[in-house]
**Student:** 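This is the structure I have questions about; it appears just below.
Quick note on labels: first sequence line is chain A, next is B, and so on, each numbered from 1.
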2 protein chains.
Amino acid sequence: MITIKDVARKAGVSISTVSRTLSGNIPVADETRNKVLQAVKDLGYQPNAFAQGLRNGKSRAIGLIIPNFRSLVFPQMINGISDTVNKHGYTLVLSKTEENLMLEKEYIDNLRHKLIDGLIVSTATKDSSHLLELKKEKFPLVLVIRRLEDQVDAVITDNLQGAFEGTKLLISRGYKDICLMNGKLELDLYRCRYAGFEKAMHEAELEIKKELVRHDIDSWEDSYREMIRVFDEGYFPDAVFATSDPKAFGIMKAIKEKGYSIPGDIAVLGFDNIEMSALVDPPLTTIAQSFYQIGVRSAERVIKLINSKRNYKPVIENVPVELIIRQSVGDKTKIES
Amino acid sequence: MITIKDVARKAGVSISTVSRTLSGNIPVADETRNKVLQAVKDLGYQPNAFAQGLRNGKSRAIGLIIPNFRSLVFPQMINGISDTVNKHGYTLVLSKTEENLMLEKEYIDNLRHKLIDGLIVSTATKDSSHLLELKKEKFPLVLVIRRLEDQVDAVITDNLQGAFEGTKLLISRGYKDICLMNGKLELDLYRCRYAGFEKAMHEAELEIKKELVRHDIDSWEDSYREMIRVFDEGYFPDAVFATSDPKAFGIMKAIKEKGYSIPGDIAVLGFDNIEMSALVDPPLTTIAQSFYQIGVRSAERVIKLINSKRNYKPVIENVPVELIIRQSVGDKTKIES
DNA sequence: CTGAAAGCGCTTACAG
DNA sequence: CTGAAAGCGCTTACAG
């Protein structure tokens with residue numbers, strides 16, 4: 001391994017000078033600098049990151065904790081995080097908790113005392129004391145997609161607004177009997193989407209039928225079964241708003257299996273705009289989250305926190321949504337008139 | 001930050017003893033050990049990973065380089081890698097190259113001199129000199145899904161066998177006029193799948209129509225367009241073998257748009273078994289790759305390489321495939337008899 | 001502008 | 001079994 005000593009010897013200067021040349025923080029004579037840079041190049045020298053870390057207390061690495069890789073929302077988000085982190089010369093360290101709080105605490109503890117300068121977290125559990133603890137120690141921490149009230153920096157989709165606009169679209173297209181297939185209510189994002197739905201229905205003075213509001217649906221298999229159940233219980237909504245695209249896929253499958261058409265008999269609206277949504281039959285109308293953007297913003301935020309001594313107060317950044325209109329929602333006003 | 005000195009003071013011993021107690025490599029009196037462990041616990045001491053890294057030349061971190069997060073095969077694979085790496089007390093460092101060779105070289109260089117003990121790589125470019133270089137330096141390196149002849153350790157799907165079995169299934173179901181929608185021929189895995197297809201066709205003494213073999217198809221959008229082109233050119237295969245599930249989705253979309261039925265008019269066979277494949281309409285018959293398993297094996301392999309001084313010769317591990325039979329392939333022999 | 005020296009927090013050969 | 005000391009490769013205050 002080539003060390004700073006080798007470079008110093010080759011350049012005929014002291015190791016201090018090599019270090020100063022490379023850091024750029026302290027002036028070095030032009031001639032000296034050139035000799036050093038030439039030696040660095042000739043030898044292919046790269047500073048030892050452990051020694052630098054030990055000295056500086058910085059690793060230039062950022063940790064990312066996500067619950068799993070199954071959800072189709074994470075890849076795009078990681079993409080944004082990865083690009084941004086690399087752009088700023090950081091390395092990305094990844095951990096996955098499978099929603100296991102013990103594991104999460106363990107990983108955070110490890111990373112904390114190891115090789116990261118900041119942390120991005122995308123899990124959400126009922127007990128978040130360990131995260132608040134980190135925050136209290138002023139450790140650079142940002143939540144993505146998930147949030148913890150207003151206590152910790154977070155970058156999230158404007159879920160309420162998204163669900164509000166989506167529901168308004170359905171209403172404007174003449175749908176009245178809207179079924180909501182919602183995720184786990186313990187998650188803030190699903191509470192917000194529910195609130196957005198309610199807000200739009202109230203504004204339009206439409207009735208929300210309790211029997212058509214189903215919470216705690218977690219996957220496309222779940223929503224498929226639940227939709228079959230809706231039919232079996234004798235309900236027949238004219239539209240279904242699924243608060244995630246995978247849920248929408250399950251619902252489409254159920255509707256088709258029962259022999260109904262989309263959007264002819266029942267319209268389907270999703271939330272997410274994952275890649276597959278353009279591809280299903282019929283293509284899904286949905287509320288697009290900018291996962292890549294969300295990733296970018298969260299990474300920029302941690303880096304900002306890392307570089308600032310001051311104690312910023314937490315910022316909750318709402319990334320706007322976009323309505324993507326495809327064929328799974330029709331226009332009842334036209335058909336019936 | 002709590003250091004080994006604090007622990008030593010609290011336990012009333014020297015820092016050497018604390019270190020020895022924690023490492024477990026060198027005998028320590030029971031009584032002493034207990035005092036130390038108690039102090040460690042009381043103080044919540046965690047050794048500084050930089051200091052350890054500097055001293056030991058080991059980081060207990062493993063790097064992973066993938067081309068992108070778009071492909072649906074990576075999440076499951078990363079999942080397997082992540083679980084395995086963590087199980088062995090390692091941390092996972094992630095980089096993504098967007099198929100950019102310059103970036104790839106840069107990241108490898110960075111990681112190499114930084115914080116990783118071993119590297120898993122899933123990119124494949126024409127110029128792999130930098131990987132062979134690493135291998136020559138005896139740096140622990142494993143390729144996944146991709147391979148570099150027999151020179152570097154690799155964990156891959158048995159692509160030839162998979163394509164062979166898939167094609168045989170089509171043939172056994174009475175399909176004869178089979179269209180192959182294949183990926184980039186510059187990738188070994190697509191050459192192997194092509195070879196498996198050819199082998200099955202030859203064994204069955206069926207003709208491979210050149211016009212029905214299309215290579216270098218890269219996405220579902222590509223395969224959609226190419227399938228439309230096949231129809232527009234006046235061909236009408238009775239089955240299409242797409243060498244990846246996303247390609248199969250594009251093909252299904254094209255077939256449906258042209259008003260044909262699957263598998264009634266045309267059967268579709270995929271390769272991958274990504275999660276979505278069970279969900280499309282009709283559910284896709286496909287050749288399942290065990291991405292999770294592949295991830296696990298590759299991680300186990302790097303760790304083995306890291307822990308062995310000896311110079312293992314490269315092992316190419318073929319992970320078996322599984323035929324997943326769903327509704328996108330019918331049975332012509334029954335229909336026509 | 002430059003060099004010699006201290007020190008970051010560990011581990012381990014050396015001495016006892 | 002245990003302690004004092006050297007050294008891993010850096011950075012930076014100190015002195016010149």
**Student:** Would you please confirm or rule out a distance under 4.0 Å between OP1 or OP2 of D:dC1 and any side-chain N or O of B:Thr32?
**Tutor:**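 So the side chain of B:Thr32 is outside the cut-off, no N or O lying under 4.0 Å from OP1 or OP2 of D:dC1.
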**Student:** Report the distance from atom CG of A:Asn48 to atom C1' of C:dC8, rounded to the nearest whole Å.
**Tutor:**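 Rounding to the nearest Å, CG of A:Asn48 and C1' of C:dC8 are 13 Å apart.
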**Student:** Indicate for each nucleotide in nucleotides 11-16 of chain D, in 5' to 3' sequence, whether protein heavy atoms under 4.0 Å reach the base (B), only the sugar-phosphate (S), or nothing (-).
**Tutor:** BBB---
**Student:** Using atom CZ of B:Arg33 as one end and atom C1' of D:dC1 as the other, report the distance to the nearest whole Å.
**Tutor:**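 To the nearest whole Å, that distance equals 11 Å.
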**Student:** Over how many whole Å does the gap from B:Asp6 atom CG to C:dC8 atom C1' extend?
**Tutor:**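 That distance rounds to 14 Å.
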**Student:** Starting from C1' on C:dC8, measure out to CD1 on B:Ile2 and report it in whole angstrom.
**Tutor:**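 Atom CD1 in B:Ile2 sits about 17 Å away from atom C1' in C:dC8.
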**Student:** Specify the separation, in whole Å, of atom CZ of B:Arg9 and atom C1' of C:dG9.
**Tutor:**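 Those two atoms, CZ and C1', are 14 Å apart.
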**Student:** Taking atom C1' of D:dC1 as reference, at what distance in whole Å does atom NZ of B:Lys35 sit?
**Tutor:**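 Result: 12 Å.
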**Student:** Expressed as a whole number of Å, how far does the C1' atom of C:dG16 sit from that of C:dT12?
**Tutor:**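 Their C1' atoms lie roughly 16 Å apart.
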**Student:** Taking both distances under 3.5 Å as the test for a Watson-Crick or G-U pair, what stems of at least three pairs does DNA chain C have?
**Tutor:**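 Stems for DNA chain C, defined as runs of 3 or more consecutive pairs: C:1-3 with D:14-16, C:5-12 with D:5-12, C:14-16 with D:1-3.
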**Student:** Kindly write out the residues that satisfy salt bridge (charged side-chain N to carboxylate O under 4.0 Å, His left out) with B:Arg146, not counting sequence neighbours, or none if the list is empty.
**Tutor:**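 Checked B:Arg146 against salt bridge (charged side-chain N to carboxylate O under 4.0 Å, His left out); zero matches.
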**Student:** So does B:Glu98 pair up with B:Lys96, basic N to acidic O under 4.0 Å?
**Tutor:**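 Salt bridge: yes.
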**Student:** Looking at every heavy atom in both A:Ile303 and A:Val85, which two are closest together, and how far apart are they?
**Tutor:**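 A:Ile303 and A:Val85 have their closest heavy atoms at CD1-CA, 4.4 Å.
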**Student:** How far apart are the closest heavy atoms of A:Ile78 and B:Phe69, and which atoms are they?
**Tutor:**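 For A:Ile78 and B:Phe69, the tightest heavy-atom pair comes out as CG2-CZ, 3.3 Å.
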**Student:** So do A:Pro314 and A:Lys135 actually touch side chain to side chain, heavy atoms under 4.5 Å?
**Tutor:**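 Yes. Closest side-chain heavy atoms under 4.5 Å.
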**Student:** For B:Thr3 and C:dG9, is the shortest distance between a side-chain N/O and OP1 or OP2 below 4.0 Å?
**Tutor:**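 Answer no for this pair, as no side-chain N or O of B:Thr3 is under 4.0 Å from OP1 or OP2.
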**Student:** Donor-acceptor check, side chain of B:Asn79 to backbone of B:Tyr292, threshold 3.5 angstrom: yes or no?
**Tutor:**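 No, because the side chain of B:Asn79 does not come within donor-acceptor range (under 3.5 Å) of the backbone of B:Tyr292.
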**Student:** Round to a whole Å and report the spacing from CZ of B:Phe50 to C1' of C:dC8.
**Tutor:**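 Value for this atom pair: 11 Å.
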**Student:** With the threshold set at 4.0 Å, does a side-chain nitrogen-carboxylate oxygen contact exist between A:Arg301 and A:Asp153?
**Tutor:**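 Yes.
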**Student:** Between B:Thr123 and B:Ile66, is there a donor-acceptor pair closer than 3.5 Å when you use the side chain of the first and the backbone of the second?
**Tutor:**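 Such a contact is absent between B:Thr123 side chain and B:Ile66 backbone.
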**Student:** For A:Met1 and D:dC8, give me the distance from atom CE to atom P, rounded to whole Å.
**Tutor:**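 Between P of D:dC8 and CE of A:Met1: 13 Å.
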**Student:** Picking from A:Leu92, A:Ile108, A:Leu64, A:Val93, what satisfies side-chain contact (heavy atoms from CB on, under 4.5 Å) with A:Ile116?
**Tutor:**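 Only one of A:Leu92, A:Ile108, A:Leu64, A:Val93 forms a side-chain contact (heavy atoms from CB on, under 4.5 Å) with A:Ile116, namely A:Val93.
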